[in-house]
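Input: a single structure, listed below in C-alpha coordinates.
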Amino acid sequence: MKITRITAIPISYRLPEGKTVTMGVGSTLKRDAIIVRVETSEGITGYGESHPGRSPSAIVSHIHNTLSPLLVGMSATDVVGAWQRIHRMQFSSHGLGAGAALALSGIDMALWDIRGKAANMPLYELLGGSRKRLPAYAGGIALGYQAPETLAEEALSYIEQGYRAVKLRIGDTVKDDIARCVHVRKMVGDEIDILTDANTAYTIAQARRVLPALADIQAGWLEEPFACNDFASYREAAKITPLVPLAAGENHFMRFEFAQMLEAGAVQVWQPDLSKTGGITESVRIAAMASAFRIPINAHSSATGLNHAATLHFLAATENAGYFEACVSHFNPFRDMFGPTFTIGKDGCVEPPTGPGLGVEVDESLFDKFPMVDGPGYVVKF
(Lines give C-alpha, C1' and ligand atoms only; values in the text may rest on other atoms or scores of the structure.)
Protein backbone atom coordinates (compact mmCIF):
# COMPACT_ATOMS: atom_id res chain seq x y z
CA MET A 1 0.00 0.00 0.00
CA LYS A 2 1.64 3.20 -1.24
CA ILE A 3 1.05 6.87 -0.49
CA THR A 4 -0.48 8.38 -3.64
CA ARG A 5 -1.45 11.89 -2.58
CA ILE A 6 -1.13 14.24 0.40
CA THR A 7 -3.48 17.20 0.66
CA ALA A 8 -3.60 19.94 3.31
CA ILE A 9 -6.94 21.68 3.82
CA PRO A 10 -6.87 24.91 5.88
CA ILE A 11 -10.05 26.01 7.64
CA SER A 12 -10.88 29.07 9.74
CA TYR A 13 -13.64 30.32 11.99
CA ARG A 14 -13.86 33.99 12.92
CA LEU A 15 -15.21 34.54 16.42
CA PRO A 16 -18.40 36.60 16.76
CA GLU A 17 -17.83 40.25 17.54
CA GLY A 18 -17.01 40.76 21.21
CA LYS A 19 -16.78 37.04 21.98
CA THR A 20 -13.06 36.89 22.61
CA VAL A 21 -11.05 35.13 25.29
CA THR A 22 -8.00 36.99 26.58
CA MET A 23 -4.93 35.17 27.86
CA GLY A 24 -1.16 35.51 27.88
CA VAL A 25 -0.76 35.22 24.10
CA GLY A 26 -3.44 37.83 23.42
CA SER A 27 -7.15 38.06 22.62
CA THR A 28 -8.62 35.57 20.17
CA LEU A 29 -9.88 36.74 16.78
CA LYS A 30 -10.38 33.42 15.04
CA ARG A 31 -9.71 29.70 15.15
CA ASP A 32 -7.56 28.05 12.48
CA ALA A 33 -6.86 24.40 11.72
CA ILE A 34 -5.27 22.33 8.97
CA ILE A 35 -6.75 18.96 8.05
CA VAL A 36 -4.28 16.64 6.30
CA ARG A 37 -5.63 13.95 3.98
CA VAL A 38 -3.36 11.08 2.87
CA GLU A 39 -4.63 8.81 0.09
CA THR A 40 -3.26 5.36 -0.71
CA SER A 41 -3.04 2.94 -3.61
CA GLU A 42 -5.49 0.57 -1.92
CA GLY A 43 -8.19 3.18 -1.40
CA ILE A 44 -7.68 3.70 2.33
CA THR A 45 -7.64 7.38 3.25
CA GLY A 46 -6.21 8.70 6.48
CA TYR A 47 -6.76 12.06 8.16
CA GLY A 48 -4.62 14.07 10.54
CA GLU A 49 -4.31 17.59 11.92
CA SER A 50 -1.42 20.02 11.62
CA HIS A 51 -1.37 22.99 13.94
CA PRO A 52 -1.47 26.20 11.85
CA GLY A 53 0.94 28.18 14.01
CA ARG A 54 0.28 31.84 13.20
CA SER A 55 0.36 31.28 9.43
CA PRO A 56 -1.82 28.45 8.11
CA SER A 57 -1.05 29.15 4.45
CA ALA A 58 2.69 28.75 5.10
CA ILE A 59 2.18 25.32 6.71
CA VAL A 60 -0.10 24.25 3.85
CA SER A 61 2.52 25.31 1.31
CA HIS A 62 5.24 23.38 3.12
CA ILE A 63 3.11 20.23 3.14
CA HIS A 64 2.24 20.48 -0.55
CA ASN A 65 5.52 21.68 -1.99
CA THR A 66 8.22 20.21 0.27
CA LEU A 67 7.07 17.24 2.34
CA SER A 68 4.55 15.64 -0.02
CA PRO A 69 7.03 15.12 -2.90
CA LEU A 70 9.37 13.38 -0.45
CA LEU A 71 6.73 10.90 0.73
CA VAL A 72 4.49 10.08 -2.23
CA GLY A 73 5.32 6.56 -3.39
CA MET A 74 6.48 5.35 0.02
CA SER A 75 4.74 2.59 1.96
CA ALA A 76 1.80 4.12 3.82
CA THR A 77 2.46 1.97 6.87
CA ASP A 78 6.15 2.90 7.17
CA VAL A 79 5.78 5.73 9.69
CA VAL A 80 9.38 5.38 10.89
CA GLY A 81 10.69 5.46 7.33
CA ALA A 82 8.61 8.54 6.54
CA TRP A 83 9.95 10.27 9.64
CA GLN A 84 13.53 9.35 8.73
CA ARG A 85 13.17 10.68 5.20
CA ILE A 86 11.77 14.00 6.40
CA HIS A 87 14.49 14.22 9.02
CA ARG A 88 17.19 13.55 6.45
CA MET A 89 15.91 16.03 3.87
CA GLN A 90 14.46 18.74 6.13
CA PHE A 91 15.30 18.64 9.83
CA SER A 92 18.91 17.50 9.82
CA SER A 93 20.11 19.98 7.22
CA HIS A 94 17.80 22.97 7.74
CA GLY A 95 17.13 22.71 11.46
CA LEU A 96 14.11 21.40 13.32
CA GLY A 97 11.97 24.43 12.57
CA ALA A 98 8.53 24.83 14.09
CA GLY A 99 6.82 25.05 10.70
CA ALA A 100 8.30 21.80 9.44
CA ALA A 101 7.35 19.99 12.67
CA LEU A 102 3.77 21.26 12.41
CA ALA A 103 3.56 20.10 8.80
CA LEU A 104 4.96 16.64 9.52
CA SER A 105 2.63 16.18 12.51
CA GLY A 106 -0.56 16.10 10.45
CA ILE A 107 0.95 13.73 7.88
CA ASP A 108 2.18 11.34 10.56
CA MET A 109 -1.19 11.37 12.28
CA ALA A 110 -2.91 10.52 9.00
CA LEU A 111 -0.48 7.65 8.38
CA TRP A 112 -1.36 6.18 11.78
CA ASP A 113 -5.05 6.57 10.90
CA ILE A 114 -4.32 4.52 7.76
CA ARG A 115 -2.47 1.85 9.74
CA GLY A 116 -5.40 1.48 12.13
CA LYS A 117 -7.95 1.31 9.31
CA ALA A 118 -5.85 -1.26 7.44
CA ALA A 119 -5.62 -3.42 10.56
CA ASN A 120 -9.26 -2.71 11.52
CA MET A 121 -8.06 -1.68 14.96
CA PRO A 122 -8.55 1.50 17.00
CA LEU A 123 -5.32 3.43 17.35
CA TYR A 124 -5.00 2.82 21.10
CA GLU A 125 -5.03 -0.92 20.46
CA LEU A 126 -2.52 -0.63 17.62
CA LEU A 127 -0.24 1.32 19.99
CA GLY A 128 -0.51 -1.38 22.65
CA GLY A 129 -3.04 0.27 24.93
CA SER A 130 -6.59 -0.37 26.08
CA ARG A 131 -9.83 1.59 26.17
CA LYS A 132 -9.34 2.89 29.67
CA ARG A 133 -10.82 5.95 31.31
CA LEU A 134 -8.58 9.00 31.30
CA PRO A 135 -8.84 11.97 33.68
CA ALA A 136 -9.67 15.19 31.85
CA TYR A 137 -9.49 18.86 32.68
CA ALA A 138 -11.55 21.73 31.32
CA GLY A 139 -9.16 23.53 28.98
CA GLY A 140 -8.89 24.86 25.46
CA ILE A 141 -9.44 28.57 24.86
CA ALA A 142 -11.53 29.19 27.96
CA LEU A 143 -11.36 30.51 31.53
CA GLY A 144 -9.47 33.64 30.44
CA TYR A 145 -8.98 37.07 32.00
CA GLN A 146 -12.23 38.19 33.58
CA ALA A 147 -13.66 39.26 36.92
CA PRO A 148 -13.06 36.65 39.65
CA GLU A 149 -16.80 36.22 40.16
CA THR A 150 -17.61 35.38 36.53
CA LEU A 151 -14.47 33.24 36.27
CA ALA A 152 -15.61 31.17 39.22
CA GLU A 153 -19.07 30.84 37.66
CA GLU A 154 -17.53 29.53 34.46
CA ALA A 155 -15.34 27.08 36.37
CA LEU A 156 -18.34 25.83 38.34
CA SER A 157 -20.29 25.26 35.11
CA TYR A 158 -17.60 22.81 33.95
CA ILE A 159 -17.52 21.10 37.33
CA GLU A 160 -21.28 20.60 37.06
CA GLN A 161 -20.65 18.79 33.75
CA GLY A 162 -18.35 16.36 35.54
CA TYR A 163 -14.86 17.88 35.31
CA ARG A 164 -12.74 17.46 38.42
CA ALA A 165 -9.99 19.78 37.15
CA VAL A 166 -9.98 23.19 35.46
CA LYS A 167 -7.22 25.30 33.94
CA LEU A 168 -7.11 29.05 34.62
CA ARG A 169 -5.39 31.50 32.29
CA ILE A 170 -2.96 33.74 34.13
CA GLY A 171 -0.11 35.96 32.93
CA ASP A 172 -2.07 39.19 33.37
CA THR A 173 -0.94 41.28 36.36
CA VAL A 174 0.37 39.57 39.48
CA LYS A 175 -2.35 41.14 41.60
CA ASP A 176 -5.19 40.12 39.29
CA ASP A 177 -3.80 36.64 38.69
CA ILE A 178 -3.58 35.92 42.41
CA ALA A 179 -7.04 37.37 43.07
CA ARG A 180 -8.62 35.19 40.38
CA CYS A 181 -6.92 32.00 41.55
CA VAL A 182 -7.70 32.58 45.22
CA HIS A 183 -11.36 33.32 44.49
CA VAL A 184 -11.82 30.29 42.26
CA ARG A 185 -10.27 28.04 44.89
CA LYS A 186 -12.65 29.47 47.49
CA MET A 187 -15.66 28.84 45.27
CA VAL A 188 -14.82 25.37 43.92
CA GLY A 189 -13.53 23.88 47.17
CA ASP A 190 -10.50 21.75 47.88
CA GLU A 191 -11.38 18.64 45.86
CA ILE A 192 -11.05 20.25 42.42
CA ASP A 193 -7.62 20.39 40.80
CA ILE A 194 -6.78 23.95 39.71
CA LEU A 195 -4.18 24.13 36.94
CA THR A 196 -2.75 27.42 35.68
CA ASP A 197 -1.31 28.57 32.34
CA ALA A 198 0.62 31.84 31.89
CA ASN A 199 1.08 31.37 28.11
CA THR A 200 4.73 32.53 28.29
CA ALA A 201 3.76 35.97 29.65
CA TYR A 202 5.72 36.07 32.94
CA THR A 203 9.08 37.46 33.89
CA ILE A 204 11.06 35.64 36.57
CA ALA A 205 10.22 38.49 38.98
CA GLN A 206 6.50 37.93 38.43
CA ALA A 207 6.90 34.18 38.84
CA ARG A 208 8.59 34.74 42.20
CA ARG A 209 5.50 36.59 43.42
CA VAL A 210 2.88 34.30 41.92
CA LEU A 211 4.29 30.84 42.70
CA PRO A 212 3.92 31.12 46.52
CA ALA A 213 0.27 32.07 46.02
CA LEU A 214 -0.22 29.11 43.70
CA ALA A 215 1.32 26.89 46.35
CA ASP A 216 -1.17 28.26 48.89
CA ILE A 217 -4.13 27.22 46.72
CA GLN A 218 -2.44 23.88 45.92
CA ALA A 219 -2.33 24.50 42.17
CA GLY A 220 -1.56 21.39 40.14
CA TRP A 221 0.99 23.16 37.94
CA LEU A 222 2.16 26.44 36.44
CA GLU A 223 2.22 26.00 32.68
CA GLU A 224 4.55 27.90 30.35
CA PRO A 225 5.45 30.86 32.55
CA PHE A 226 8.28 31.70 30.11
CA ALA A 227 9.20 31.39 26.47
CA CYS A 228 9.84 27.83 25.33
CA ASN A 229 13.59 28.42 24.90
CA ASP A 230 14.13 30.35 28.15
CA PHE A 231 15.58 27.45 30.10
CA ALA A 232 17.48 29.80 32.41
CA SER A 233 14.23 31.22 33.77
CA TYR A 234 12.69 27.76 34.11
CA ARG A 235 15.68 26.61 36.16
CA GLU A 236 15.44 29.68 38.38
CA ALA A 237 11.67 29.38 38.87
CA ALA A 238 11.96 25.71 39.82
CA LYS A 239 13.92 26.80 42.89
CA ILE A 240 11.13 29.00 44.24
CA THR A 241 8.87 26.27 45.58
CA PRO A 242 8.75 22.48 45.26
CA LEU A 243 4.97 22.54 45.73
CA VAL A 244 3.98 23.76 42.24
CA PRO A 245 5.53 21.85 39.33
CA LEU A 246 6.36 23.73 36.15
CA ALA A 247 4.76 22.44 32.95
CA ALA A 248 5.74 22.97 29.32
CA GLY A 249 6.00 21.23 25.99
CA GLU A 250 3.22 22.37 23.66
CA ASN A 251 5.72 24.69 21.98
CA HIS A 252 8.63 22.25 21.95
CA PHE A 253 9.22 20.40 18.73
CA MET A 254 10.47 16.84 18.28
CA ARG A 255 12.14 14.76 20.98
CA PHE A 256 15.36 16.73 20.60
CA GLU A 257 13.87 19.85 22.20
CA PHE A 258 12.33 17.71 24.94
CA ALA A 259 15.80 16.31 25.56
CA GLN A 260 17.01 19.90 26.08
CA MET A 261 14.15 20.41 28.51
CA LEU A 262 15.15 17.24 30.33
CA GLU A 263 18.76 18.43 30.58
CA ALA A 264 17.58 21.76 32.02
CA GLY A 265 16.03 19.77 34.88
CA ALA A 266 13.33 22.32 35.62
CA VAL A 267 10.10 21.12 33.97
CA GLN A 268 8.28 18.38 35.86
CA VAL A 269 5.20 18.07 33.60
CA TRP A 270 5.54 17.49 29.84
CA GLN A 271 2.81 18.56 27.41
CA PRO A 272 3.54 17.51 23.82
CA ASP A 273 0.90 18.39 21.23
CA LEU A 274 0.48 15.65 18.62
CA SER A 275 -0.38 18.24 15.95
CA LYS A 276 2.83 20.17 16.66
CA THR A 277 5.70 18.06 17.88
CA GLY A 278 6.06 15.58 15.02
CA GLY A 279 2.88 13.54 15.25
CA ILE A 280 2.15 10.26 16.99
CA THR A 281 5.46 8.62 16.06
CA GLU A 282 7.51 11.31 17.77
CA SER A 283 5.13 11.70 20.72
CA VAL A 284 5.51 8.01 21.56
CA ARG A 285 9.29 8.54 21.68
CA ILE A 286 8.89 11.62 23.87
CA ALA A 287 6.63 9.76 26.31
CA ALA A 288 9.10 6.88 26.53
CA MET A 289 11.96 9.26 27.30
CA ALA A 290 9.87 10.94 29.98
CA SER A 291 8.85 7.64 31.58
CA ALA A 292 12.48 6.81 32.38
CA PHE A 293 12.52 9.89 34.63
CA ARG A 294 9.01 9.49 36.06
CA ILE A 295 7.80 12.59 34.21
CA PRO A 296 4.04 12.55 33.47
CA ILE A 297 2.66 13.27 30.01
CA ASN A 298 -0.29 15.66 30.04
CA ALA A 299 -0.71 16.16 26.30
CA HIS A 300 -1.81 19.52 24.93
CA SER A 301 -4.81 19.38 22.58
CA SER A 302 -5.57 21.64 19.64
CA ALA A 303 -8.47 22.64 17.46
CA THR A 304 -10.30 19.74 15.83
CA GLY A 305 -11.75 16.42 16.85
CA LEU A 306 -8.98 14.67 14.91
CA ASN A 307 -6.27 15.87 17.28
CA HIS A 308 -8.50 15.23 20.29
CA ALA A 309 -9.13 11.66 19.14
CA ALA A 310 -5.44 11.04 18.40
CA THR A 311 -4.52 12.39 21.83
CA LEU A 312 -7.03 10.15 23.60
CA HIS A 313 -5.67 7.08 21.79
CA PHE A 314 -2.09 8.13 22.56
CA LEU A 315 -2.77 8.66 26.27
CA ALA A 316 -4.63 5.36 26.51
CA ALA A 317 -1.44 3.63 25.32
CA THR A 318 1.00 5.71 27.39
CA GLU A 319 2.31 4.31 30.67
CA ASN A 320 2.96 7.72 32.23
CA ALA A 321 -0.19 9.43 30.97
CA GLY A 322 -1.77 12.21 33.00
CA TYR A 323 -4.62 14.54 32.07
CA PHE A 324 -6.40 14.86 28.73
CA GLU A 325 -7.01 18.51 27.87
CA ALA A 326 -10.70 18.66 26.97
CA CYS A 327 -11.59 21.67 24.86
CA VAL A 328 -14.52 23.47 26.48
CA SER A 329 -14.26 26.57 24.29
CA HIS A 330 -17.62 28.21 23.66
CA PHE A 331 -16.59 29.10 20.11
CA ASN A 332 -14.82 26.15 18.48
CA PRO A 333 -17.00 24.52 15.81
CA PHE A 334 -14.02 22.34 14.77
CA ARG A 335 -14.16 20.33 18.01
CA ASP A 336 -17.43 18.57 17.16
CA MET A 337 -17.65 19.11 13.40
CA PHE A 338 -17.44 15.34 12.79
CA GLY A 339 -19.46 14.46 15.87
CA PRO A 340 -18.42 14.50 19.55
CA THR A 341 -15.01 12.90 20.08
CA PHE A 342 -15.27 12.58 23.85
CA THR A 343 -17.88 12.71 26.60
CA ILE A 344 -17.02 13.72 30.14
CA GLY A 345 -18.31 11.32 32.80
CA LYS A 346 -19.38 11.97 36.34
CA ASP A 347 -15.97 10.64 37.39
CA GLY A 348 -14.24 13.43 35.46
CA CYS A 349 -12.88 10.97 32.88
CA VAL A 350 -13.15 10.37 29.14
CA GLU A 351 -12.40 7.45 26.80
CA PRO A 352 -10.91 7.17 23.29
CA PRO A 353 -13.15 6.43 20.28
CA THR A 354 -13.73 2.79 19.35
CA GLY A 355 -13.61 2.87 15.55
CA PRO A 356 -10.60 1.81 13.47
CA GLY A 357 -7.72 4.25 13.22
CA LEU A 358 -8.58 7.54 14.88
CA GLY A 359 -12.23 6.49 14.99
CA VAL A 360 -13.37 9.74 13.34
CA GLU A 361 -15.62 9.77 10.27
CA VAL A 362 -14.58 12.85 8.27
CA ASP A 363 -17.23 14.65 6.21
CA GLU A 364 -15.26 16.83 3.79
CA SER A 365 -18.37 18.72 2.70
CA LEU A 366 -18.15 20.61 6.00
CA PHE A 367 -14.87 22.26 4.98
CA ASP A 368 -16.66 24.63 2.60
CA LYS A 369 -18.32 26.29 5.59
CA PHE A 370 -14.95 27.40 6.98
CA PRO A 371 -12.83 29.04 4.26
CA MET A 372 -9.31 29.96 5.38
CA VAL A 373 -8.76 33.43 6.81
CA ASP A 374 -5.01 34.05 6.85
CA GLY A 375 -3.26 36.20 9.41
CA PRO A 376 -2.74 35.99 13.19
CA GLY A 377 -5.42 34.45 15.36
CA TYR A 378 -4.60 36.59 18.40
CA VAL A 379 -3.97 40.28 18.97
CA VAL A 380 -1.98 41.80 21.82
CA LYS A 381 -2.00 45.37 23.07
CA PHE A 382 1.65 46.42 23.21
Side-chain angles (χ1 to χ4, degrees), residues 21 23-25 28 31-34 48-54 98 101-102 104-106 108-109 134-144 163 165-171 193 195-201 220-229 234 245-255 257-258 261 267-280 282-287 289-290 295-316 318 320-329 332 334-335 341-342 350 352 377-378:
V21 176
M23 57 190 112
V25 290
T28 54
R31 300 296 299 258
D32 297 311
I34 298 170
E49 178 182 338
S50 284
H51 194 280
R54 297 296 177 90
L102 303 181
L104 174 60
S105 296
D108 180 86
M109 194 183 296
L134 302 162
Y137 70 84
I141 300 178
L143 294 161
Y163 289 99
V166 296
K167 187 166 79 175
L168 307 182
R169 301 289 182 165
I170 58 177
D193 200 2
L195 314 171
T196 62
D197 186 354
N199 289 113
T200 75
W221 68 56
L222 170 57
E223 181 176 336
E224 285 200 315
F226 317 112
C228 58
N229 56 2
Y234 276 99
L246 302 181
E250 70 174 271
N251 290 307
H252 290 82
F253 304 99
M254 318 294 281
R255 67 187 183 275
E257 291 193 358
F258 280 85
M261 195 158 67
V267 178
Q268 297 88 33
V269 175
W270 285 11
Q271 301 170 306
D273 185 324
L274 274 62
S275 71
K276 285 184 168 187
T277 198
I280 295 165
E282 195 70 355
S283 296
V284 168
R285 294 163 171 167
I286 290 166
M289 179 166 58
I295 297 172
I297 297 292
N298 294 263
H300 175 265
S301 299
S302 293
T304 84
L306 288 168
N307 192 41
H308 296 142
T311 302
L312 286 166
H313 288 293
F314 163 70
L315 290 173
T318 297
N320 47 327
Y323 278 119
F324 167 71
E325 180 177 11
C327 174
V328 296
S329 306
N332 180 15
F334 304 152
R335 176 187 56 223
T341 305
F342 59 87
V350 295
Y378 302 89

How many angstroms lie between atom [atom1] of [X] and atom [atom2] of [Y], to the nearest 0.5 angstrom?
X	Y	atom1	atom2	result
R335	F342	CZ	CZ	6.5 Å
D273	S283	CG	OG	8.0 Å
H300	T277	NE2	OG1	12.0 Å
M261	I286	CE	CD1	8.0 Å
M254	S105	CE	OG	7.5 Å
L315	F324	CG	CZ	8.0 Å

Problem set entry | I141 vs N332 side-chain heavy atoms within contact, under 4.5 Å |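 When only atoms from C-beta onward are counted, N332 and I141 do not touch, as no gap falls below 4.5 Å.
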Problem set entry | 4.5 Å side-chain heavy-atom contact, T200 and C228 |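 T200 does not reach C228 side chain to side chain.
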Determine yes or no for a side-chain-to-main-chain donor-acceptor pair under 3.5 angstrom, with [X] supplying the side chain and [Y] the backbone.
X	Y	result
H51	A33	no
S301	E325	yes
D32	R54	no

Test of understanding: with salt bridge (Lys or Arg N to Asp or Glu O under 4.0 Å), list the residues that count as partners of [X], not counting sequence neighbours.
X	result
K276	E250
E223	K167
R31	none

Please report the closest heavy-atom contact between [X] and [Y], naming both atoms and the distance.
X	Y	result
P352	A316	CG-CB, 4.0 Å
G220	P245	O-CG, 3.1 Å
L246	P225	CD2-CG, 4.4 Å
A142	V328	CB-CG2, 3.8 Å
T311	A299	CG2-CB, 3.6 Å
L222	I170	CD1-CD1, 3.7 Å

Mind checking side-chain hydrogen bond (donor to acceptor under 3.5 Å, both in side chains) for [X] and listing every partner two or more places apart, or none if nothing turns up?
X	value
N298	none
R169	D197, N199
T318	none
T28	T20

Pairing residues for [X] by the ring-ring contact (aromatic ring centres under 6.0 Å, His included) criterion, not counting sequence neighbours:
X	answer
H313	Y124
Y234	F226
F258	H252, W270

For this session: Give the intermediate values and the outcome of side chain to side chain contact (heavy atoms under 4.5 Å, CB included) for residues F334 and L306.
Result: CA-CA 9 Å; F334 304 152; L306 288 168; over 6 Å; no
Exercise. Sequence neighbours excluded, which residues qualify as side chain to side chain contact (heavy atoms under 4.5 Å, CB included) partners of A165?
Worked result: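 For A165 the side chain to side chain contact (heavy atoms under 4.5 Å, CB included) partners, ignoring immediate neighbours, are Y137, D193, Y323.
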For this session: For V284, check side chain to side chain contact (heavy atoms under 4.5 Å, CB included) against everything at least two apart and list the hits.
Result: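 Expected list: L127, I280, F314.
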